[in-house]
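Just so we're on the same page: letters track the sequence lines, and every chain starts at 1. Note that these values count all heavy atoms, side chains included, but never hydrogens, waters or copies made by symmetry.
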Number of protein chains: 2
Amino acid sequence: MKNKLKVLRAENDMTQAQLADETGVSRQTINAIEKGKFDPSLPLAFKLARLFNRKIEDIFQDEND
Amino acid sequence: MKNKLKVLRAENDMTQAQLADETGVSRQTINAIEKGKFDPSLPLAFKLARLFNRKIEDIFQDEND
DNA sequence: TGTAAATGTCAAGTTTTATTTACATTTTAT
DNA sequence: ATAAAATGTAAATAAAACTTGACATTTACA
């Protein structure tokens, strides 16, 4: 699962730690998701989408589309 | 996490077993998600959205919106 | 150049979700 | 009314998300 978190963070001038803080997860979780090590839970995906004011599909792209 | 799976199944005349089959999970998993017992993984949410040609947000509604 | 902030990574452990199996209840249709 | 199909539910296990802590590397910038 690819994603645009790094770009969205840059656009919003946020660090991984800040994003982790705002979504209530650890910095390592944000880093791992950003690097594609695993997928976020659906609730976390919703939080991220809401925070950046985007659709989940605009942030995350399923490989097998 | 609420969802519209039951309605979407009805609109597409599908059983839980058929939906399970098409998304590669067990019928009980579909049933549990449909009844709100737990949330699908993000990949499964993508599969369901793709199958019904909807956005994830159109199928699933996070309670704390 | 040095140093602090940010990012990357890894291992071990906890929590949550998915899957399986099995059975009970409800719905549908004959 | 009865049989079959569909749905509901629960316990046990597997798998994945997430945490914690620690340390290494990279980036920014004084």
Pull out every protein N or O sitting under 3.5 Å from an N or O of nucleotides 14-18 of chain D, one pair per line with the distance.
{"unit_1": "D:dA17", "atom_1": "OP1", "unit_2": "A:D39", "atom_2": "N", "d": "3.2"}
{"unit_1": "D:dA17", "atom_1": "OP1", "unit_2": "A:D39", "atom_2": "O", "d": "3.3"}
{"unit_1": "D:dC18", "atom_1": "OP1", "unit_2": "A:S41", "atom_2": "N", "d": "3.1"}
{"unit_1": "D:dC18", "atom_1": "OP1", "unit_2": "A:S41", "atom_2": "OG", "d": "2.7"}
{"unit_1": "D:dC18", "atom_1": "OP2", "unit_2": "A:S41", "atom_2": "N", "d": "3.3"}

Point-to-point distance, once rounded to the nearest 0.5 Å, from CZ of A:F60 to CG of A:L5:
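Nearest 0.5 Å value for the CZ-CG distance: 4.5 Å.
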Starting at CD1 of A:I33, measure out to CD of A:Q28 and round the result to the nearest 0.5 Å.
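If we round to the nearest 0.5 Å, A:I33:CD1 and A:Q28:CD are 12.0 Å apart.
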I'd like to check the side chain to side chain donor-acceptor pair (under 3.5 Å) partners of B:S26; sequence neighbours left out, ordered by chain and number.
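Result, side chain to side chain donor-acceptor pair (under 3.5 Å) vs B:S26: B:T29.
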What residues, two or more places apart in sequence or in another chain, satisfy side chain to side chain donor-acceptor pair (under 3.5 Å) together with B:D39?
none
Please list all pairs passing the salt bridge (Lys or Arg N to Asp or Glu O under 4.0 Å) test where one or both residues lie in residues 18-27 of chain B, with sequence neighbours left out.
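Output for this query is empty, none listed.
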Sort and list the pairs that fulfil salt bridge (Lys or Arg N to Asp or Glu O under 4.0 Å) and have at least one residue in residues 5-19 of chain B, not counting sequence neighbours.
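Pairs touching residues 5-19 of chain B that pass the test: B:R9-B:E34, B:E11-B:R54.
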Counterpart residues, side-chain contact (heavy atoms from CB on, under 4.5 Å), relative to B:T23 (two or more places apart)
B:L19, B:V25, B:I30, B:L44, B:K47, B:L48, B:L51
Of all residues at least two apart in sequence or in a different chain, which pass the side-chain contact (heavy atoms from CB on, under 4.5 Å) check with A:Q18?
A:M14, A:T15
Any A:F46 side-chain heavy atom under 4.5 Å of B:E57 side chain:
yes
Could you walk me through whether A:D62 and A:K2 pass salt bridge (Lys or Arg N to Asp or Glu O under 4.0 Å), step by step?
CA-CA 7 Å; A:D62 204 1; A:K2 302 185 68 172; over 6 Å; no
Annotated protein contacts, base or backbone, on nucleotides 23-30 of chain D with a non-hydrogen cut-off under 4.0 Å, one of B, S, - each
--------
Separation of C:dT19 P from B:L19 CG (nearest whole Å)
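Distance, rounded to whole Å: 12 Å.
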Using a cut-off of strictly less than 4.0 Å, decide whether A:N31 has a side-chain nitrogen or oxygen near OP1 or OP2 of C:dG8.
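Affirmative; the distance criterion is met.
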Under a 3.5 Å cut-off for both distances, is D:dA30 Watson-Crick or wobble paired, and to whom?
C:dT1
Tell me which residues in residues 4-18 of chain A lie within less than 4.0 Å of DNA chain D, going by non-hydrogen atoms.
none
